[in-house]
Amino acid sequence: MSIITWLSQNASVVLESPASTTEANAGGYDELRLRCAADGSDDLEYSWFYNGRVVKRAERTEIKAEYLTVRRPTAGDNGIYSCKVENQAGAVSSAHNFALSIQEEGIPIIATLPQDVIAPVGARVQLDCAYYNASQVKWRRVVNSNKALTGLSQLSTQLNNGTLIISSVTLADQGPYECLGFTDTAKIQQAYVAQLALASLKEFGESSFEPIKHLYAVGHGKRFEVACAPPAGFPEPQAYWTRDGRRLSSAGRVRSEGLQLVIDEAGQADGGKYVCIAENMAGRREGVLTVVVTAPPKIIRHPGSKDLLEGQNVYFDCKAEATPYPATSIEWEKDGEPVRAAPPRSAEPNRIQWNTENGSLSILNVELNDQGQYTCIVTTEGQDPVRSKEAELLVRKRLQFSPKPVDRKFEMGIEAQIPCTATGEIPPVIKWVQTKKLDIEGNVVEDYRPPRTQFLENVRSHNGTLYFAHIGFENAGVYLCAAVSKQGVIQEEIRVEVYVTPRYVKSPENKTVSEKRDVFYDCHAIGTPTPHVHWYFEGVAFDDQPNKIPFKNYEIFPNNTLVIRQTIIENAGKYMCMAGNKGGIRRTEALLCIHLKATNFTHCGRQLGLNAGAPGESDGIDGDVNGAAAQGIGLKTMAIACGVAFGYILLVVCLLAFCAYRRRRSSEKMPPQTQSDHINGVIG
């Protein structure tokens, strides 16, 4: 259960002791006791101020809850006493303060007490202050409680009679002003403070009327009530209702009851604009409220039933005689449930859209589950909703492939089949025909007009599926699937191509050769269509990226044989031959190693690097390359082992040297006798 916190809008300082202000100003009593009077919930927190400065506990000052006590007050305690009250609901400062004026011989006596002033920005402000027995009267500003005092603004003028004039007050001028009285002989100066506050008034906002609604409507003949919540202002603004420039009275069928606008038995003439006006010395603000008086809605055109094919668009219309939008809106139900739709001009358009203004319902590309009974509902603010007659939407399944047949490629000699299925309101009959003949490259070589319904012996059509027994090149062509029913005819053409996957009849082999020798790599592949052959060196294509090949001493013959002329070390590496056609891609690889006679090393490219020894020349024996690779790996392993052993020996030598150095340093620091004993002990 939540607890509502509240705080009164006003607070005041009340004299508790002595009994009257006259007695308090007479002096000679034991204590001055003041109370901060305010109402509120929860624990209230109180703060006390003396001439605008925070009062703290002292030897003669005591603060206890809402009470302030000053013991044995004197003329030095004269001034303005104020307070502030706070809780969770907010804070309020005292509007009525207490002015203490104890009269003592030889000190100034306040004659005209400065009064708090509220003024709008730009106004002329006058602060009056006068003392008896004062040789000088001076004004100064008080800022930030107990902090330093500041001078007056350049727009301030103090008259000879002690009056302070601010010609055009600004936001920076608000705050406490202190009037001081001096004499030539008195050690105690007198000071009284007055607050200068700026008047303010905010604008009306979205929450200026209660209850908060996007539309204020009332049914014809019914009662209407709305409250004006005037904007915040200081001082608190006065608010009232007007219509057509005239203030509403507190009596009559259309009246103002405080901040409440009341309309009894609303008629069409009562609709229109009502203005709530808020005023204070800061100015005037207006909040405009438009009242709509509505009439009962009536449907004059009911939606009609529809019979459509799946995928078509449907439009339902529902026309009503009613108070215009937005007082009236039209929504839809399907089989008693609200239609889920996107409003017009939605950022995410929906297949289903309705227009609340004209009552239309649109469904794009209707589906089978859109079928049902549709009802439009006319809703007018302040009136009972009205329902239309039901309109039936019948959706018939359209004739369509499920799924569409697509182009196919088959390996020659396999058992192949191509399904073709279609659905519709009436089950269709599926028929296959051949419209064109293709060659092995996929080019049209014959156009059948009319299409052929009789196929070759190895082809048959059954229940919508086209079967090929040991499909061959003679079966390549363009075939058409047709679905026929009373709903119509649909058809789809596809290409059927036959291929033989590439196969190598001669492929390159690994080679190890000496420098300045010619190397031949054969790569012959067969297939249908004829495969396209491409050579690669270390993954880089010879024909597509010749600039990235690190050598130029090569040639590729029309029969796809690769020749390396007068081999050099840059020729060493991996060569790949790739053959492909519509049936797929095949590749084969070979490694070329170059023996360097000057160093007796064999280089096999990036994959294997340098290998020691002279393996002898080979015309394609894999063992030579594998042996070179093994030798290379052995040399690398031996080098790593030697490096590790050398590092270990170096570490041991360094440690022995360091230990000898430490022993020598420690013996140098020993006294002679200790050193002798130590040596004798070691020897003995």
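Everything numeric in this text was worked out from a predicted model, so none of it was measured.
- In this structure, Lys213 does not pair ionically with Glu381, as no charged nitrogen and carboxylate oxygen lie closer than 4.0 Å.
- A salt bridge links Glu286 to Arg284: one of the charged nitrogens lies within less than 4.0 Å of a carboxylate oxygen.
- Annotation: side chain of Val292 is in contact with side chain of Thr323 (closest heavy-atom distance under 4.5 Å).
- Residues Val137 and Cys179 form a side-chain contact, since some pair of their non-hydrogen atoms from C-beta on lies under 4.5 Å apart.
- Here the rule is side chain to side chain contact (heavy atoms under 4.5 Å, CB included) with Val193, and of Pro114, Ser82, Pro176 only Pro176 fits it.
- By the side-chain hydrogen bond (donor to acceptor under 3.5 Å, both in side chains) test, Gln126 pairs with Asp128, sequence neighbours left out.
- In this structure, Tyr274 and Ile263 have side chains that are in contact, with non-hydrogen atoms separated by less than 4.5 Å.
- The number of heavy-atom neighbours closer than 6.0 Å to CD of Gln260, taken from other residues, nucleotides and ligands shown, is above 12.
- Applying the 6.0 Å contact sphere to NZ of Lys222 captures more than 12 heavy atoms from other residues, nucleotides or ligands.
- Evaluation of the side chain to side chain contact (heavy atoms under 4.5 Å, CB included) rule for Ala89 yields Thr5, Leu7, Asn87 as partners, not counting sequence neighbours.
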Before giving the answer on salt bridge (charged side-chain N to carboxylate O under 4.0 Å, His left out), spell out for Glu62 and Lys64 the whole-Å C-alpha distance, their side-chain angles and the decisive distance to 0.1 Å. CA-CA 7 Å; Glu62 180 184 1; Lys64 189 173 183 180; 5.4 Å; no
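- In this structure, the side chain of Gln115 engages the main chain of Leu113 through a donor-acceptor pair within 3.5 Å.
- A parallel orientation is assigned to the rings of Phe204 and Phe209, their planes being inclined by less than 30° (bins at 30° and 60°).
- Arg387 pairs by the side-chain hydrogen bond (donor to acceptor under 3.5 Å, both in side chains) definition with Glu333, not counting sequence neighbours.
- For the side chain to side chain donor-acceptor pair (under 3.5 Å) criterion with Glu178, the lone passing option out of Lys138, Arg53, Arg141 is Arg53.
- Ring orientation note: the planes of Tyr81 and Tyr50 are tilted relative to one another, at an angle of 30° to 60°.
- Geometrically, Arg140 does not engage Tyr177 in a cation-pi contact defined by less than 6.0 Å to the ring centre and at most 45° from the axis.
- The side-chain heavy atoms of Ile299 and Val378, taken from C-beta on, include a pair separated by under 4.5 Å.
- Looking at Asp184 and Ser135, their side chains do bring a donor and an acceptor atom within 3.5 Å of each other.
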Take Thr163 and Asn161, measure what side-chain hydrogen bond (donor to acceptor under 3.5 Å, both in side chains) needs, and give me the verdict at the end. CA-CA 6 Å; Thr163 297; Asn161 63 358; 3.2 Å; yes
Given the rule in the side-chain hydrogen bond (donor to acceptor under 3.5 Å, both in side chains) test, do Gln373 and Asp335 qualify, once you have shown the distances and angles that lead to the verdict? CA-CA 5 Å; Gln373 303 292 329; Asp335 298 331; 5.8 Å; no
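- Looking at heavy atoms from C-beta onward, Trp48 lies in side-chain contact with Cys36 at the 4.5 angstrom threshold.
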